[in-house]
Amino acid sequence: MIQEVIVKANAHEALRPLVQAAIRNQLKILQQGIDHSRERIAEFEKITGMSSAEFEKKLLEREIEDTLDVLDWNMELASMRLLERQYKYLDEAEVR
(Lines give C-alpha, C1' and ligand atoms only; values in the text may rest on other atoms or scores of the structure.)
Protein backbone atom coordinates (compact mmCIF):
# COMPACT_ATOMS: atom_id res chain seq x y z
CA MET A 1 0.00 0.00 0.00
CA ILE A 2 1.41 3.35 -1.00
CA GLN A 3 1.11 6.12 1.57
CA GLU A 4 1.74 9.77 0.94
CA VAL A 5 2.81 12.15 3.68
CA ILE A 6 2.75 15.89 3.10
CA VAL A 7 5.00 18.07 5.24
CA LYS A 8 4.42 21.79 5.28
CA ALA A 9 6.66 24.18 7.16
CA ASN A 10 7.22 27.89 7.36
CA ALA A 11 10.98 27.64 6.86
CA HIS A 12 13.56 29.87 5.25
CA GLU A 13 15.80 26.91 4.42
CA ALA A 14 15.11 24.13 1.94
CA LEU A 15 13.16 21.50 3.84
CA ARG A 16 13.89 18.51 1.57
CA PRO A 17 17.54 18.08 2.67
CA LEU A 18 16.48 18.24 6.31
CA VAL A 19 13.86 15.54 5.82
CA GLN A 20 16.32 13.39 3.88
CA ALA A 21 18.91 13.77 6.66
CA ALA A 22 16.29 12.84 9.27
CA ILE A 23 15.43 9.70 7.32
CA ARG A 24 19.11 8.74 7.00
CA ASN A 25 19.56 9.25 10.73
CA GLN A 26 16.52 7.12 11.54
CA LEU A 27 17.78 4.38 9.21
CA LYS A 28 21.06 4.32 11.16
CA ILE A 29 19.17 4.03 14.45
CA LEU A 30 17.01 1.22 13.07
CA GLN A 31 20.09 -0.61 11.75
CA GLN A 32 21.72 -0.40 15.17
CA GLY A 33 18.61 -1.96 16.71
CA ILE A 34 18.59 -4.71 14.08
CA ASP A 35 22.28 -5.44 14.67
CA HIS A 36 21.72 -5.58 18.43
CA SER A 37 18.78 -7.96 18.02
CA ARG A 38 20.77 -10.20 15.68
CA GLU A 39 23.59 -10.38 18.23
CA ARG A 40 21.20 -11.34 21.03
CA ILE A 41 19.50 -13.93 18.84
CA ALA A 42 22.88 -15.42 17.90
CA GLU A 43 23.66 -15.72 21.63
CA PHE A 44 20.42 -17.65 22.24
CA GLU A 45 21.18 -19.91 19.29
CA LYS A 46 24.72 -20.56 20.51
CA ILE A 47 23.65 -21.30 24.09
CA THR A 48 20.89 -23.69 23.05
CA GLY A 49 22.54 -25.15 19.96
CA MET A 50 19.31 -24.55 18.06
CA SER A 51 18.43 -22.20 15.23
CA SER A 52 15.70 -19.62 15.66
CA ALA A 53 13.60 -21.41 13.03
CA GLU A 54 13.84 -24.64 15.04
CA PHE A 55 13.12 -22.70 18.23
CA GLU A 56 9.96 -21.17 16.76
CA LYS A 57 8.79 -24.54 15.45
CA LYS A 58 9.26 -26.16 18.86
CA LEU A 59 7.61 -23.19 20.55
CA LEU A 60 4.60 -23.48 18.25
CA GLU A 61 4.36 -27.20 18.92
CA ARG A 62 4.67 -26.52 22.67
CA GLU A 63 7.80 -28.63 22.93
CA ILE A 64 9.61 -25.91 24.86
CA GLU A 65 8.88 -24.98 28.45
CA ASP A 66 7.99 -21.34 29.07
CA THR A 67 10.92 -19.65 30.75
CA LEU A 68 12.19 -16.12 30.91
CA ASP A 69 14.88 -16.97 28.33
CA VAL A 70 12.26 -18.40 25.98
CA LEU A 71 10.18 -15.26 26.34
CA ASP A 72 13.24 -13.05 25.77
CA TRP A 73 14.27 -14.97 22.64
CA ASN A 74 10.76 -14.87 21.21
CA MET A 75 10.44 -11.14 21.93
CA GLU A 76 13.86 -10.45 20.39
CA LEU A 77 12.80 -12.23 17.20
CA ALA A 78 9.59 -10.18 17.06
CA SER A 79 11.51 -6.98 17.74
CA MET A 80 14.05 -7.70 15.01
CA ARG A 81 11.31 -8.40 12.47
CA LEU A 82 9.52 -5.17 13.34
CA LEU A 83 12.73 -3.15 13.03
CA GLU A 84 13.53 -4.82 9.70
CA ARG A 85 10.07 -3.95 8.34
CA GLN A 86 10.39 -0.36 9.51
CA TYR A 87 13.86 -0.11 7.97
CA LYS A 88 12.60 -1.50 4.66
CA TYR A 89 9.65 0.89 4.48
CA LEU A 90 11.71 3.93 5.38
CA ASP A 91 14.55 2.92 3.06
CA GLU A 92 12.07 2.70 0.17
CA ALA A 93 10.54 6.11 0.99
CA GLU A 94 10.85 8.76 -1.67
CA VAL A 95 11.17 12.42 -0.73
CA ARG A 96 9.99 14.71 -3.53
Side-chain angles (χ1 to χ4, degrees):
M1 174 174 75
I2 293 178
Q3 295 185 35
E4 184 175 357
V5 177
I6 298 171
V7 178
K8 293 183 179 184
N10 187 10
H12 298 286
E13 297 178 34
L15 194 57
R16 180 177 297 148
L18 296 174
V19 171
Q20 290 169 327
I23 289 173
R24 282 192 306 271
N25 187 51
Q26 186 62 30
L27 286 170
K28 287 178 187 176
I29 291 168
L30 288 168
Q31 187 60 59
Q32 289 171 346
I34 292 166
D35 293 343
H36 178 74
S37 286
R38 287 181 180 162
E39 288 171 10
R40 292 218 46 222
I41 290 166
E43 289 173 17
F44 286 120
E45 292 175 337
K46 183 178 179 181
I47 291 168
T48 62
M50 152 179 22
S51 71
S52 289
E54 185 180 354
F55 164 76
E56 290 181 306
K57 182 178 183 268
K58 288 185 177 197
L59 190 61
L60 241 154
E61 295 171 355
R62 299 184 188 270
E63 294 178 15
I64 296 179
E65 182 181 332
D66 286 334
T67 65
L68 189 54
D69 285 338
V70 166
L71 179 62
D72 283 347
W73 191 354
N74 198 32
M75 288 176 57
E76 201 65 59
L77 286 166
S79 176
M80 182 187 68
R81 289 180 181 131
L82 173 64
L83 292 170
E84 287 174 337
R85 277 194 314 274
Q86 290 175 341
Y87 185 96
K88 178 182 181 287
Y89 297 148
L90 195 55
D91 190 45
E92 293 173 349
E94 178 184 338
V95 179
R96 296 189 247 162

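We find the CG-CG distance between Asp69 and Asn74 to be 12.5 Å, quoted to the nearest 0.5 Å. Interatomic distance, NZ of Lys88 versus CG of Leu27, reported as 13.0 Å (0.5 Å rounding). To the nearest 0.5 Å, the span separating CG on Leu15 from NZ on Lys8 amounts to 12.5 Å. Of the inter-residue distances, the one linking Glu94 atom CD with Ile23 atom CD1 reads 10.5 Å to the nearest 0.5 angstrom. Within the model, atoms CG of Asp72 and OG of Ser79 stand 11.5 Å from one another, a figure rounded to the nearest 0.5 Å. With values rounded to the nearest 0.5 angstrom, Arg40 atom CZ is found 10.5 Å from Leu77 atom CG.
In this structure, Arg16 places its CZ atom where only 12 or fewer heavy-atom neighbours from other residues, nucleotides or ligands lie under 6.0 Å away. Taking a 6.0 Å sphere around CD of Glu63, one finds it holds more than 12 heavy atoms contributed by other residues, nucleotides or ligands.
Under the 4.5 Å side-chain contact rule for hydrophobic residues, Ile64 and Leu68 do not share a cluster. Linking ILVMFWY residues whenever their side-chain heavy atoms come closer than 4.5 Å, directly or via other members, places Val95 and Val7 in the same cluster. Put simply, Met75 and Leu82 are part of two different groups of oily side chains (I, L, V, M, F, W, Y) that touch within less than 4.5 Å, one to the next. In the hydrophobic clustering of this structure, Ile47 does not group with Ile41; members are Ile, Leu, Val, Met, Phe, Trp, Tyr whose side-chain heavy atoms approach within less than 4.5 Å, directly or through other members.
When Glu84, Glu76, Gln32 are each tested for a side-chain contact (heavy atoms from CB on, under 4.5 Å) with Ser37, only one passes: Glu76.
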Pairs under 3.5 angstrom only: tabulate donor-acceptor contacts from the side chains of residues 51-61 to other protein residues two or more places apart or in another chain.
residue : atom : partner : partner atom : Å
Ser51   : OG   : Glu54   : N            : 3.1
Ser52   : OG   : Glu45   : OE2          : 2.7
Ser52   : OG   : Trp73   : NE1          : 3.2
Glu56   : OE1  : Arg81   : NH2          : 2.9
Glu56   : OE2  : Arg81   : NH1          : 2.7
Glu56   : OE2  : Arg81   : NH2          : 3.1

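Not counting sequence neighbours, the partners of Gln26 by the side chain to side chain contact (heavy atoms under 4.5 Å, CB included) test are Ile29, Leu30, Leu90.
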